[in-house]
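What follows is a set of notes on a single structure, which appears directly below.
Chain letters run A, B, ... following the sequence lines, proteins first, then strands; residues in each count from 1. Below, each value reflects all heavy atoms present in this structure, side chains not excepted, and no hydrogens, waters or symmetry copies.
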Amino acid sequence: MEKLVERAKAGDERAEKEIFDKLFVRFKYLAKRRVGNEDYEDLAQEACMTVLEKYKTEEFTVNFTAWAYGVLKMKIGNWIQARQRLSGKKVSFEEAYGAPDISEIGSDLKRHLIDCIRQLARSYNRYARLINLSYQGYSTGEICERVDISANNYYVILNRGRSLLKECLAGKGVV
Amino acid sequence: MDKCTDPDIGRLIHAYELNGLSAEERELFEVHLLDCEYCFKEVRQMEVVSDLLNADADVKYAFGEAKTDLSLKTSFWSRLKSMFFPDTSWYAKPALVYFALLLLVYPAYRGIFVDGKRPIESATSISLIPDRSVETVYGSTDNDIVLNIVYPEFESGADYSLSIVSESDDTIFWDQKFNGFDSYGTAVLLIPEGRLEPGVYSVTIKGVRGLSGIAERKYSFLIRGK
């Protein structure tokens with residue numbers, strides 16, 4: 001990304017387009033996770049426009065990516081504040097993770113996912129155990145302490161479980 | 001792109017999908033997502049699955065069925081046990097343990113069912129005593145042959161040579177400095193199976209050095225076939 005930015009700053013229009021295509025897709029994904037289905041596209045677009053306007057003159061503290069992320073974060077923060085003014089309910093940026101809308105997800109996927117989870121819970125029980133603790137609201141540090149594993153092991157087990165889950169779902173033709 | 005650009009951050013992927021990261025880690029990972037094609041593709045690919053994992057009660061219940069006892073810390077013994085029997089399908093893992101068991105079982109099988117049933121084969125014993133006519137042995141030359149030699153003229157401290165020669169003058173055994181005699185002048189010599197054909201053999205013991213008496217004695221023995 002940083003190389004693309006250098007080229008774009010030097011006047012390469014194709015590089016600039018590539019940056020903003022990439023950013024827009026990613027901003028949409030990140031904004032959707034924060035604000036849900038409602039205004040995420042608008043937020044992503046606004047953030048992209050701001051980045052486009054300012055990136056040539058801005059001096060990045062860390063790098064372009066971190067700065068661009070900061071722009072998106074600010075847009076989402078403003079959106080949250082506006083919502084708070086309307087609803088009178090105070091929500092911080094970090095608490096802005098709403099429950100995703102799963103009403104439109106097909107029942108086939110859900111059925112296959114449950115099958116795969118049951119299968120995985122038998123063959124790779126550690127993963128199920130960690131997920132259960134995570135559902136109970138324990139943080140990574142608390143889970144690691146509880147099951148006496150290092151944080152590194154925790155991520156390894158999660159990722160192995162994820163791979164097996166993905167493999168199982170792929171076997172059923174759903175991912 | 002088929003590889004994560006920063007595996008140290010990329011390893012947080014599933015914890016991120018499950019909303020299990022701290023605010024700092026989440027921010028770190030989200031910045032990483034802007035840059036890393038691989039991780040972004042992965043989270044997008046599993047986006048719907050992640051939504052279900054995070055929000056669907058039935059999905060959560062499926063995990064909940066797996067294990068109810070979550071409060072215990074892993075003890076030393078259970079950790080030791082999990083090293084040999086991890087929480088995986090018994091037939092899939094641990095291959096190493098089953099391989100090791102196989103290594104143990106096979107020699108046991110050999111010992112009990114193969115070697116254990118093999119008959120113990122006796123050795124053919126031949127006594128070579130002075131002034132006796134030729135010792136005749138019947139039997140298979142497939143057996144080991146034990147020569148019990150009596151040499152009354154043996155003198156302690158002297159050196160002897162010992163040779164076994166067939167009737168066709170082939171030397172079967174020759175030791176220039178034979179030191180197998182005990183203090184009574186008897187010696188035992190083992191000739192491994194298959195070394196002797198049926199026929200007449202002469203054994204010669206010759207004093208080489210440091211003797212005061214008879215310097216040479218010959219013995220003979222005959223091996224007949226079956």
Side-chain angles (χ1 to χ4, degrees), chain A residues 1-2 22-23 25-27 29-30 33 62 65-66 68-69 72-73 93-94 97 99-102 105 109-110 113-115 117-118 120-129 131-136 139-141 143 145-149 152 154-156 158-159 161-162 165-166 169 174-175, chain B residues 5 10-23 25-28 30-37 40 42-56 58-75 78-79 82 86-89 92-93:
Chain A
M1 186 75 92
E2 303 305 319
K22 270 186 172 183
L23 272 189
V25 180
R26 285 160 175 73
F27 278 1
Y29 171 80
L30 295 177
R33 274 180 74 92
V62 182
T65 320
Y69 178 78
L72 176 71
K73 193 176 164 183
F93 177 77
E94 295 311 335
Y97 271 92
D101 181 11
I102 53 168
I105 298 176
L109 172 63
K110 187 173 149 178
L113 178 61
I114 289 173
D115 278 353
I117 289 170
R118 286 189 177 137
L120 195 57
R122 281 194 298 273
S123 63
Y124 196 49
N125 189 263
R126 292 167 136 204
Y127 173 67
R129 218 190 259 195
I131 298 281
N132 266 326
L133 287 169
S134 155
Y135 283 158
Q136 289 174 42
S139 67
T140 303
I143 294 172
E145 196 187 337
R146 223 173 165 81
V147 295
D148 203 12
I149 55 172
N152 192 43
Y154 171 74
Y155 295 126
V156 168
L158 281 193
N159 288 337
R162 182 187 189 273
L165 195 61
K166 193 177 158 193
L169 291 168
V174 284
V175 289
Chain B
T5 54
R11 70 188 179 139
L12 305 174
I13 189 167
H14 200 35
Y16 172 76
E17 288 170 328
L18 296 167
N19 290 334
L21 295 179
S22 67
E25 285 173 326
R26 190 162 52 211
E27 194 163 319
L28 196 66
E30 288 189 334
V31 172
H32 173 73
L33 276 187
L34 294 185
D35 212 17
C36 179
E37 287 285 345
F40 186 64
E42 279 288 320
V43 292
R44 284 300 296 274
Q45 204 176 10
M46 292 287 275
E47 189 177 356
V48 185
V49 173
S50 302
D51 287 349
L52 284 173
L53 290 176
N54 281 319
D56 191 276
D58 295 335
V59 169
K60 289 187 177 186
Y61 183 76
F63 272 115
E65 287 175 318
K67 196 88 179 177
T68 51
D69 180 17
L70 302 164
S71 57
L72 293 175
K73 271 192 174 182
T74 323
S75 70
S78 59
R79 260 184 289 162
S82 70
D87 301 334
T88 51
S89 308
K93 280 188 177 179

Checklist entry - To the nearest 0.5 Å, how far apart are CG in L52(B) and CG in L113(A)? => result 6.0 Å

Item to check | Inter-residue atom distance F63(B).CZ - I117(A).CD1, 0.5 Å rounding | outcome: 4.0 Å

Item to check | Y69(A) side chain to E27(B) side chain, donor-acceptor N/O pair below 3.5 angstrom | outcome: no

Identify which part of [X] has an atom lying under 4.5 Å from any heavy atom of chain B, answering side chain, backbone, both or neither.
X: R118(A); result: side chain
X: L169(A); result: side chain
X: K110(A); result: both
X: V174(A); result: neither
X: N152(A); result: both
X: T65(A); result: both

Checklist entry - Heavy-atom distance under 4.5 Å to chain A: side chain of E47(B), backbone, both or neither? => result side chain

Item to check | Heavy-atom contact with chain A under 4.5 Å, split by part of E17(B) | outcome: both

Item to check | Audit row: V49(B), K166(A), side-chain contact (heavy atoms from CB on, under 4.5 Å) steps and yes/no | outcome: CA-CA 9 Å; V49(B) 173; K166(A) 193 177 158 193; over 6 Å; no

Checklist entry - Between E30(B) and L72(A), does a side-chain contact (heavy atoms from CB on, under 4.5 Å) hold up when you go through it step by step? => result CA-CA 11 Å; E30(B) 288 189 334; L72(A) 176 71; over 6 Å; no

Specify the closest pair of heavy atoms between [X] and [Y], including all atoms of both residues, with the distance to one decimal.
X: L34(B); Y: L23(A); result: CD2-CD2, 4.2 Å
X: A62(B); Y: I114(A); result: CB-CG2, 4.0 Å
X: H14(B); Y: L158(A); result: CD2-O, 3.3 Å
X: Y155(A); Y: E25(B); result: OH-OE2, 3.0 Å
X: R26(A); Y: L33(B); result: NE-O, 3.0 Å

Checklist entry - So, Y135(A) side chain and L53(B) main chain: donor-acceptor pair closer than 3.5 Å or not? => result yes

Next on the checklist: For chain A, which candidate among L21(B), L18(B), V43(B), L28(B) shows the most heavy-atom pairs at distances under 4.5 Å?
Outcome noted: V43(B)

